[in-house]
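One structure below.
The figures that follow rest on heavy atoms only: side chains count, while hydrogens, waters and symmetry mates do not. Because the structure is a prediction, the values reported are computed rather than measured.
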Amino acid sequence: MSTLADARDIPVNFYRPDPYIRTPRMRSPEYVQMSTAAAITLGLVKGWMHRTGCTHCLNLLVTYPEGCRANCSYCGLARHREESRDYADRNFIRVDWPTARYDDVIERIRNGADQGRFERMCISMITHPDSDEDTAILLEKWVKAVPHIPASILSNPTTMDRADLVRLRDIGAQIFTVALDAVTPEVFERTRGAAVDSPHRWDTYWRALEWAAEIYGPERFGAHLICGMGETEQEMLEVCQRIRDMGGHNHLFAFFPEQGSLMEDWSPVPRDQWRRVQLARFLIDYRGVRVQDMGFNGQGQVTDFGLDRQELEALIASGRPFQTSGCPGHSDDEISACNRPYGDSSPTDIMSFPFALSDRDVAFVRRQMAGEDIGTFDHDGDV
């Protein structure tokens, strides 16, 4: 075992999560965590991703030995895990998040380690007393050093006020997003509010979205929404419409139980529900269809997408609604730079496609929408 791993106070340049060694003490803004996909893209971790060579967004996460002070029931970073795993060793959206010196990350980008593949950088905040100030420091350093790659902020409204949003905009944040996640007050309270001893509040998150609409303007803010935590399709899409009416966009995640979270025994979102919501969200965000134009049954499931059948079939055939939704890249506002490879599913059953769909992929998606219990990668099955 290396001296580097044994001593918590010796500076490190890169740390890959390992529960079998003593975790070095790493703290933002000197250090940041990054998604495994980003680490692979930068050449810091060996590996490959099924059918995609990289992620087009450098997803960063502020980090502190004390960890996140919230206790969201679906999150691998939640406070309740501190007895079982150091913060820097916890998984988040299904993957490990290695830690590196921020200056080294910037230097790698400036030297072309990503081979020009990053189209966006995003700083994700956590619930911690230092998160607001450190996020501003990280952002300012980024826009000065790497001005050609736009920056997004995934915010923590619980610790922020309106002036914080203005400050981040003035420093150079291009897009501001809010991880609302739960789309009804009841689901929010049950999964990330007082019911699970967590500090987040429904009204606080909506207030931040209203501030973002005022401060950043249309097309420059949005919300993360998780599909499959107990809401109906209609409830999900009504929130999508509300955010779109404010001028924002909706970034969908399929619920997939996070190992070590309080909801690790929950079932993933049903595939047919997810595909209907993906398609309807795309129509709301990019085709001008309103939720009021759609039809729903007694269970709140979509029965009519409010679009001419021929147009709808052509859109399904394009596969675009089923790609990962998030902040856009350079060339196409409808396709996310933040493609988050396999952040909400496995490569054998892809929920959010991190690449353009093939005809075979679309055929599997159609079967899922029809209610078939089938994954998107079947060695023995025929389309």
Ring geometry between [Y] and [X] (parallel below 30°, tilted from 30 to 60°, perpendicular above 60°):
{"X": "His249", "Y": "Tyr286", "answer": "parallel"}
{"X": "His251", "Y": "His224", "answer": "tilted"}
{"X": "Tyr64", "Y": "His128", "answer": "parallel"}

Over-ring placement of Arg340 relative to Phe253, 6.0 Å and 45° cut-offs: yes
Row check, Trp206 ring normal vs Arg242 NZ/CZ: under 6.0 Å, within 45°: yes
Residues [X] and [Y] bridged, charged N to O under 4.0 Å:
{"X": "Arg81", "Y": "Glu258", "result": "no"}
{"X": "Asp285", "Y": "Arg281", "result": "yes"}
{"X": "Arg162", "Y": "Glu210", "result": "no"}
{"X": "Lys144", "Y": "Glu140", "result": "yes"}
{"X": "Arg320", "Y": "Asp332", "result": "yes"}
{"X": "Glu238", "Y": "Arg290", "result": "no"}
{"X": "Arg271", "Y": "Asp373", "result": "yes"}
{"X": "Glu313", "Y": "Arg366", "result": "yes"}
{"X": "Asp197", "Y": "Arg79", "result": "yes"}
{"X": "Asp361", "Y": "Arg51", "result": "yes"}
{"X": "Lys141", "Y": "Asp103", "result": "yes"}

Rounded distance (nearest 0.5 Å) linking atom CG of Asn339 with atom SG of Cys327: 12.0 Å
Considering all heavy atoms of both residues, which atom of [X] and which atom of [Y] are nearest to each other, and what is their separation?
{"X": "Ser345", "Y": "Phe256", "value": "CA-CD1, 3.9 Å"}
{"X": "Tyr102", "Y": "Pro29", "value": "CB-O, 3.7 Å"}
{"X": "Val178", "Y": "Pro157", "value": "CG1-CG, 3.7 Å"}
{"X": "Ala337", "Y": "Thr55", "value": "O-OG1, 4.5 Å"}
{"X": "Cys227", "Y": "Val269", "value": "O-CB, 3.3 Å"}
{"X": "Arg108", "Y": "Leu42", "value": "NH1-O, 2.9 Å"}

Assigning hydrophobic clusters by single linkage (Ile, Leu, Val, Met, Phe, Trp, Tyr; side-chain heavy-atom cutoff under 4.5 Å), is [X] placed with [Y]?
{"X": "Phe221", "Y": "Tyr205", "result": "yes"}
{"X": "Phe118", "Y": "Ile123", "result": "yes"}
{"X": "Val196", "Y": "Val187", "result": "no"}
{"X": "Met121", "Y": "Ile175", "result": "no"}
{"X": "Val239", "Y": "Leu154", "result": "no"}

Check against ring-ring contact (aromatic ring centres under 6.0 Å, His included), His200 and Phe188: CA-CA 9 Å; His200 303 317; Phe188 192 101; 7.0 Å; no
Just wondering, do [Y] and [X] contact through their side chains at under 4.5 Å, heavy atoms?
{"X": "Thr232", "Y": "Met236", "answer": "no"}
{"X": "Leu279", "Y": "Phe322", "answer": "yes"}
{"X": "Arg360", "Y": "Phe364", "answer": "yes"}
{"X": "Leu61", "Y": "Met34", "answer": "no"}
{"X": "Ile316", "Y": "Leu312", "answer": "yes"}

Under the ring-ring contact (aromatic ring centres under 6.0 Å, His included) test, which residues partner [X], sequence neighbours left out?
{"X": "Phe176", "answer": "Tyr216"}
{"X": "Trp266", "answer": "none"}
{"X": "His56", "answer": "none"}
{"X": "His330", "answer": "none"}

Partner residues of Pro270 under the side chain to side chain contact (heavy atoms under 4.5 Å, CB included) criterion, sequence neighbours left out: Asp272, Gln273
Under 3.5 Å: donor-acceptor pair, side chain of Gln33, backbone of Trp97: yes
Ser131 side-chain N/O to Met125 backbone N/O, donor-acceptor pair under 3.5 Å: no
For Gln310, all residues meeting side chain to side chain donor-acceptor pair (under 3.5 Å), sequence neighbours excluded: none
